[in-house]
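Shown next, in structure tokens, is the structure this report addresses.
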Amino acid sequence: MSATARKKALNAEDIRARKGGVPLVSLTAYTTPMARLMDAHCDFVLVGDSVGMVLHGLESTLGVTTEMMILHGQAVSRGLDRAMMVIDMPFGSYEHSPADAFRNAARLMAETGAGAVKLEGGVEMAETIRFLVKRGIPVMAHIGLTPQSINTLGGYKVQGRDDQAETVMADARAVATAGAFSVVLEKVPQGLADQITEEIAIPTIGIGASAGCDGQILVVDDMVGFFTAFKPKFVKRYAQLGPLAEAAIAEYAAEVRTRTFPADEHVFADQAPTKGPKA
């Protein structure tokens, strides 16, 4: 069943218009409750393919499917009223040809109500971005460290140092010229991120880049301390909910084993209380 687009939500042109203005705020979300918590505070919410690692225990994003993205996109959509929803195109759903990319992007948007798709790649994906945009699919680009390409990049390394800088700059120019309405810069050196932000006409969204970018994004489970398997350098923990949750689970387990939970106030009497006479 197709999702109905939210009438009051921000859209791609709203995001594009924020170039050089108040920084854009974004987080990832994969569930309805988390989306509800961030809706009033974020300009756009990304249904990221990081869901594969954060919620499904995969070692990388490469095993994420279109069906997984649709399932989580539908969940996030139910929790948003104001923020724009952007959804990742998973590995293998857009690289083969622009026509394949269009079919898969159209399905993601139709079945989730997303306002845009995000795909990874620079110069090599410019033709696909142009093809999608001309056919009504707003595209957020993603350059620098592109997690779907870790096997060719040699791991989760900073991209754009020394002789790589011009390659990343060329990617930024290519996606902007192709019609992307914004671009994520991941693990790009600060000076290069600032240079890209100054040069291209679309907003840059930093993750491990620079405070000078037009906006920032983090994986919410990293930011609140739910995901604790590892902590990237660019993550600031604004809370430590993982240890708090583990402590609560341990307390619950202890009370169950000692039969102190459930207590009288958590169970139901065999007979309903008798109501007294009316005054």
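For the numbers below, each heavy atom of this structure counts, side chains included, while hydrogens, waters and symmetry mates do not.
Taking 4.5 Å as the limit, some side-chain heavy atom of Pro138 sits within range of a side-chain heavy atom of Met109. Taking the side chain as every heavy atom from C-beta outward, Lys236 and Met223 never approach each other to under 4.5 Å. Side chains of Leu145 and Val158 form no contact here, defined as non-hydrogen atoms less than 4.5 Å apart. Between Ile137 and Val117 the shortest side-chain heavy-atom distance falls below 4.5 Å. Taking 4.5 Å as the limit, every side-chain heavy atom of Val64 sits out of range of all side-chain heavy atoms of Phe91.
With respect to Asp88 and Lys118, a salt bridge is recorded, a charged nitrogen being found less than 4.0 Å from a carboxylate O. Between Arg130 and Glu127 there is no salt bridge, since no side-chain N of the basic residue sits under 4.0 Å from a carboxylate O of the acidic one. For Asp214 and Arg18, the salt-bridge test fails: no basic side-chain N is under 4.0 Å from an acidic carboxylate O.
Here CD of Glu186 is found 8.0 Å from OG1 of Thr146. Values are rounded to the nearest 0.5 Å. Atom OG1 of Thr65 sits about 11.0 Å away from atom CG of Asp49, to the nearest 0.5 Å. Atom-to-atom distance recorded for His72:NE2 and Thr31:OG1 is 9.0 Å, nearest 0.5 angstrom. Between the CG atom in Asp221 and the OH atom in Tyr30 there is a gap of 6.0 Å [rounded to 0.5 Å]. Rounded to the nearest 0.5 Å, atoms CG (Leu71) and OG1 (Thr66) are 12.5 Å apart. Here Cys42 contributes atom SG and Leu24 contributes atom CG; the two are 10.5 Å apart, rounded to the nearest 0.5 Å.
Around atom NZ of Lys134, no more than 12 heavy atoms belonging to other residues, nucleotides or ligands sit under 6.0 Å away. For Glu124, the CD atom counts as densely surrounded, since its 6.0 Å shell holds more than 12 non-hydrogen atoms of other residues, nucleotides or ligands.
Summarising the geometry of Ala245 relative to Phe226, their closest heavy-atom pair is CB-CE2, 4.4 Å, with the distance given to 0.1 Å. Here the shortest heavy-atom pairing between Val51 and Met69 reads CG1-SD, 4.2 Å. Across every non-hydrogen atom of Ala116 and Met84, the tightest pair is CB-CE, 3.4 Å. For the residue pair Ala35 and Leu80, the shortest heavy atom distance occurs at O-CD2, 3.5 Å. Contact record, Ser149 with Glu120: N-OE1, 4.2 Å, taken as the closest heavy-atom pair. Taking all atoms of both residues into account, the shortest heavy-atom contact from Arg107 to Ile70 is NE-CD1, 3.4 Å.
With Ser26 contributing its side chain and Gln216 its backbone, the two residues share no donor-acceptor pair below 3.5 Å. Judged by distance alone, the side chain of Gln74 and the main-chain N or O of Glu111 form a donor-acceptor pair under 3.5 Å. Using a distance-only test at 3.5 Å, with no hydrogens or angles considered, a donor-acceptor pair links the side chain of Thr32 to the main chain of Ala75. Not a single donor-acceptor pair under 3.5 Å links the side chain of His96 to the backbone N or O of Ala99. Judged by distance alone, with hydrogens and angles left aside, the side-chain atoms of Asp14 form a donor-acceptor pair with the main-chain N or O of Asn11 at under 3.5 Å. Side-chain N or O atoms of Asp171 include one that pairs as donor or acceptor with a backbone N or O of Val123 at under 3.5 Å. The backbone N or O of Val220 lies less than 3.5 Å from a partner atom in the side chain of Thr28, making a donor-acceptor pair. For Glu199 (side chain) and Ile196 (main-chain N/O), no donor-acceptor pair under 3.5 Å exists by modelled atom type. Of the possible donor and acceptor atoms, none in the side chain of Thr177 sits under 3.5 Å from a partner among the backbone N and O of Ala174. Looking only at distances, a side-chain donor or acceptor of Lys19 sits under 3.5 Å from a matching main-chain atom of Ile202.
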- Mind running salt bridge (charged side-chain N to carboxylate O under 4.0 Å, His left out) on Arg82 and Asp43 for me, showing each step along the way? CA-CA 8 Å; Arg82 173 192 167 275; Asp43 298 298; 3.3 Å; yes

- Message: Between His142 and Val183, does the side-chain contact (heavy atoms from CB on, under 4.5 Å) criterion hold? Intermediate values first, please.
- Response: CA-CA 5 Å; His142 183 153; Val183 57; 5.9 Å; no

- Could you please spell out the steps behind the side-chain contact (heavy atoms from CB on, under 4.5 Å) verdict for Phe181 and Met140? CA-CA 6 Å; Phe181 70 91; Met140 177 178 288; 3.9 Å; yes

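Using cut-offs of 30° and 60° for the angle between ring planes, the His266 and Phe261 rings count as tilted.
For the residue pair Thr197 and Thr204, a side-chain donor N or O sits within less than 3.5 Å of a side-chain acceptor on the partner.
Linking ILVMFWY side-chain heavy atoms closer than 4.5 Å, directly or via other members, places Leu62 and Val54 in two distinct hydrophobic clusters. Cluster membership check: Tyr252 does not share its hydrophobic cluster with Leu244, using side-chain heavy-atom separations under 4.5 Å among Ile, Leu, Val, Met, Phe, Trp and Tyr.
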